[in-house]
Amino acid sequence: MPGTIVIGDTKNVPFAINETDTLAGTSQEILAPFNGFVNAIYVITQKAVTTGGTVKVAIGTTDVVGATVTVPDASAKGAILSGNATKPSSTRAVTKGQRVQVIPDAAFATAGAVNGFVEFTSAQ
């Protein structure tokens, strides 16, 4: 049936953090698509990064253990990185419509932008 969510379904929710927000450590806010879990974060360097840092996922204000990537210094445009949430971990659980943040570390400096997606798995 179209629109039916089955246990184990995955959905990738995209994010984009422009250079101004990356350098300021400003998070991208997304919403959990259903009741379930955060599985992973996937990041691609949209604009070359001068001084790198981490990009992490938080549910509300609680970091998802393991759902973090480190963007290295001098990361070229197109670099692909990923971080898998630690299983099992209570920090992975989300409810539909819950606030999820993708947070760049304040260590980013000078230049760089990232985008990608957060992967969720349904528990319904």
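Heads up: numbering here begins at 1 and tracks the sequence.
Residue Val38 is not grouped with residue Phe117 when hydrophobic side chains (ILVMFWY) are merged at heavy-atom distances under 4.5 angstrom, including chains of intermediate members. Linking Ile, Leu, Val, Met, Phe, Trp and Tyr residues whenever their side-chain heavy atoms come within less than 4.5 Å places Val43 and Ile30 in a single cluster. Two different hydrophobic clusters hold Val69 and Tyr42 under the rule that ILVMFWY side chains link at heavy-atom gaps under 4.5 Å. Tracing side-chain contacts under 4.5 Å through hydrophobic residues (I, L, V, M, F, W, Y), one never reaches Val13 starting from Ile103; they form parts of separate clusters.
Taking both residues in full, the closest heavy atoms of Thr95 and Asn35 are given as CA-OD1, 3.2 Å, listed atom of the first, atom of the second, then distance. Here the closest heavy-atom approach between residue Lys11 and residue Pro33 is recorded as CD-CB, 3.5 Å. Heavy-atom minimum distance, Ser89 versus Thr86: CB-O, 3.1 Å. Closest of all the heavy-atom pairs between Ala107 and Gly53 is CB-CA, 4.3 Å. Contact between Phe15 and Asn115 at its shortest, heavy atoms only, is O-CB, 3.2 Å. Contact between Ala111 and Leu23 at its shortest, heavy atoms only, is N-CD2, 3.9 Å.
Here the side chains of Asn18 and Lys47 are not in contact, with every heavy-atom distance at 4.5 Å or above. Contact annotation: the side chain of Val64 approaches that of Ile59 to within less than 4.5 Å [non-hydrogen atoms, C-beta and beyond]. Taking the side chain as every heavy atom from C-beta outward, Pro104 and Asp21 never approach each other to under 4.5 Å. Using a 4.5 Å heavy-atom cutoff, the side chains of Thr68 and Ile41 are not in contact. Contact check for Thr26 versus Ile17: no side-chain heavy atoms found under the 4.5 Å cut-off. Between Pro72 and Leu81 there is a side-chain heavy-atom pair separated by less than 4.5 Å. In this structure, the side chains of Phe120 and Asn39 stay at 4.5 Å or more apart for every pair of heavy atoms.
Checking side-chain atoms of Asn84 against main-chain N and O of Ala40 turns up no donor-acceptor pair under 3.5 Å. Counting only distance, with no hydrogens or angles, the side chain of Asp73 and the backbone of Gly52 share a donor-acceptor pair below 3.5 Å. Under the 3.5 Å distance criterion, the side-chain polar atoms of Thr91 are matched with a main-chain donor or acceptor of Val65.
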Checklist entry - Given Gln28 and Gln101, is the side-chain contact (heavy atoms from CB on, under 4.5 Å) satisfied, shown in steps? => result CA-CA 6 Å; Gln28 169 77 49; Gln101 298 186 79; over 6 Å; no

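Side-chain contact check for Glu119 and Thr121: no donor-acceptor pair (N or O, by modelled atom type) lies under 3.5 Å.
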